[in-house]
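Scroll down for the structure; my scribbles are underneath it.
In what follows, chains are A, B, ... by sequence order, proteins preceding strands, each numbered from 1. We use all heavy atoms of the structure for the numbers below, so side chains are in, but hydrogens, waters and symmetry mates are not.
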2 protein chains.
Amino acid sequence: MRDVAEAAGVSTKTVSEVVNGIGQVRESTRRRVMATIEELGYQPNPAARRLNSESTGVLTLALPRLASGLHAALAAAVIEVAESGGRVVALEPTGGDPERELEILRNDSGVADGAILALVALGEQAGGAVAGAPVVLLGTRPLRLPFDQVVADSAAMTESAVALLRSHGRERVAILGTEELLSPHLPPAGAAGAAEAAKAGLRVAANALTRAAGYAAVDSLAAGGVPFDGLVALGDALAFGALHALRDRSLAVPADVEVIGIGRAAESAYSWPSLSTVEADVRDMAERAHAWLLERIAGETGPPRHYDVPFTVVERESTRPTG
Amino acid sequence: MRDVAEAAGVSTKTVSEVVNGIGQVRESTRRRVMATIEELGYQPNPAARRLNSESTGVLTLALPRLASGLHAALAAAVIEVAESGGRVVALEPTGGDPERELEILRNDSGVADGAILALVALGEQAGGAVAGAPVVLLGTRPLRLPFDQVVADSAAMTESAVALLRSHGRERVAILGTEELLSPHLPPAGAAGAAEAAKAGLRVAANALTRAAGYAAVDSLAAGGVPFDGLVALGDALAFGALHALRDRSLAVPADVEVIGIGRAAESAYSWPSLSTVEADVRDMAERAHAWLLERIAGETGPPRHYDVPFTVVERESTRPTG
DNA sequence: TTGAAAGCGCTAACAA
DNA sequence: TTGTTAGCGCTTTCAA
């Protein structure tokens, strides 16, 4: 920058102002400086720039893993949004490890101005942890935590899915998820009544959010003799595993069992049969989370906010009423 | 840091040395400083640290998109490797846009010390561009470009796939890919002979690396009346589209047509039928690319290097010989 | 083995 | 409208 200033015959301050497009610089001066910058191929040093501002220009995006259509889409959206704001996104696959999630929360590395964090392992017990930098949470259900939260409400999405299957005349709709995801759908402890008990039998817990777990869970459900004619899978991976299991058990989709996933379109359109889904608006999530994070970084101190992401039901072959 | 120095009764230099584990510091002093650091919860400011070193600690990883199992896996691997080296990875989905690829090559943003770049749109014409920072290329075939290249050789992988199908007695193996990917498999222009001509009919060009394009290409191949009993799809997305198309055309897999993809395991195991694949060692790619990039950043100036990534053939249902 | 002090490249008061 | 100058938090000579 000094070189530029000297070559253009101005002070570094003027160069700085031109580069940042601030201050009152005479047009002729600006042009001269611009030309010199061009000529010398000058590029501002981001580190130096940040030394003053106390900020690094880096946002952390922490997700359990990238090998999930939903998360990949989310990551792409966040990156795009952040980039248009001139910020760099450091992706951090946590693998669903609570330790890693805590590290992000505390901003152990210290390299980020703030983080967008999809909490999976950590629940409300994370409340004890003190965030080392502003944090916005991404989740599938609201948590009682002192952070802004952008929620693609799994319970509400599941309800829509169930409602769709019911409208197709399916009475015995099983719900497949992990324990955690399932909890909002379980009848309250001690609830009486045969209907409730029967429903409970249709809640299938997979031990992970993977295709293999989805396969295993549905396989044993089918083996168990509890009849079902509808299946809602909380996650694409589970849904694909489920489709596979149903096929191996010679249960036709959608004739015998209609299947719908809570997840992501792109993944689903080319399975066989193509999978109906309930999809959250990923772009909207990214924008909201990003906007809130920037506000917090800028010093906003209001109470934790909460945003429900809109979603859509997309019908494909797996729920197309036969006939 | 000044605070720590004062509190510990030493100079900032000593603190700096302790933090970085360099220099000759007496054990007792080191301990005292460590304790003070702990006590004050001091964290070094990365921006300031970089001011001296002229480096930003950021590596760019540019991939066409994240919504591909292979690329997601690659990204995860690179991030992990880079992180263990204390560096942050800025992910840059280029969407296969040549403009974006050029920007990365030139390091327009100036925020990265170097880039790992999966070139898709830009070919050898990129040779004219001057890299703004060290670059390592990731690709499916070697390019005549003055950059280090880590290549998961699509041609070699395809040959292995074809060999497998042949060993199952399949004589008419179609190859599905984009024009670009297909080019190494086309008979040389003007080659004579009926055999060659027939082979040419079994090269199917999809107009994009998507499931939809794979579907369309295989659909019209099947419609075209050219018989085939084996199919190699250059990419998971194409393979899934192909499976779908074959099903719709009532061609049984693997009985009528054996199918194998060049791609990524995780995606493939739960399709139906599960897809056999030829898989490059993603972790190996990441490590090699990262290592070379760091060497270049450190000033290594040798001639462009070239590394062939090892790969494995994984058999699943789609190529299991019937019987 | 340690300290003092000079920058790294930039921004921002304060002056002119 | 522009220049001077003092830092931002750290690393690193040069001395002690």
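- In this structure A:Glu300 satisfies the side chain to side chain donor-acceptor pair (under 3.5 Å) test with no other residue, sequence neighbours excluded.
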### Message
What does the 5'-to-3' dot-bracket notation of DNA chain C look like when only Watson-Crick and G-U wobble pairs under 3.5 Å count, and pairs to other strands show as |?
### Response
||||||||||||||||
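- Sparse packing is recorded around CE of B:Met34, with 12 or fewer heavy atoms of other residues, nucleotides or ligands lying under 6.0 Å away.
- When DNA chain D is scanned in the 5' to 3' direction for atoms under 4.0 Å from non-hydrogen atoms of chain A, the outermost contacting nucleotides are D:dT1 to D:dG9.
- For B:Arg283, the side chain to side chain donor-acceptor pair (under 3.5 Å) test picks out B:Glu80, B:Glu287, with sequence neighbours left out.
- For B:Glu180, the salt bridge (charged side-chain N to carboxylate O under 4.0 Å, His left out) partners are B:Arg141, not counting sequence neighbours.
- A:Glu38 pairs by the salt bridge (charged side-chain N to carboxylate O under 4.0 Å, His left out) definition with nothing, not counting sequence neighbours.
- The pair A:Arg32-A:Glu27 does not count as a salt bridge, with every side-chain nitrogen at least 4.0 angstrom from each carboxylate oxygen.
- Taking 4.0 Å as the cut-off between side-chain N and carboxylate O, A:Arg106 and A:Glu101 do not count as a salt-bridged pair.
- Applying the salt bridge (charged side-chain N to carboxylate O under 4.0 Å, His left out) test to B:Glu92 and every residue at least two apart in sequence or in another chain returns B:Arg100.
- For residues 24-36 of chain A, proximity to DNA chain D is found at A:Gln24, A:Val25, A:Arg26, A:Thr29, defined as any non-hydrogen atom under 4.0 angstrom from a strand atom.
- Residue pairs meeting the side chain to side chain donor-acceptor pair (under 3.5 Å) criterion with at least one member in residues 112-121 of chain A, sequence neighbours excluded, are A:Ser55-A:Asp113, A:Thr56-A:Asp113.
- Side chains of A:Tyr307 and A:Asp148: no donor on one and acceptor on the other come within 3.5 Å.
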#### Entry: Protein proximity profile, nucleotides 9-15 of chain C - base contact B, sugar-phosphate-only contact S, no contact -, cut-off 4.0 Å on heavy atoms
BBBBB--
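- By the side chain to side chain donor-acceptor pair (under 3.5 Å) test, B:Arg49 is found to be paired with no residue, residues two or more places apart in sequence or in another chain being considered.
- Scored by the salt bridge (charged side-chain N to carboxylate O under 4.0 Å, His left out) test, B:Glu99 finds no partners at all (sequence neighbours excluded).
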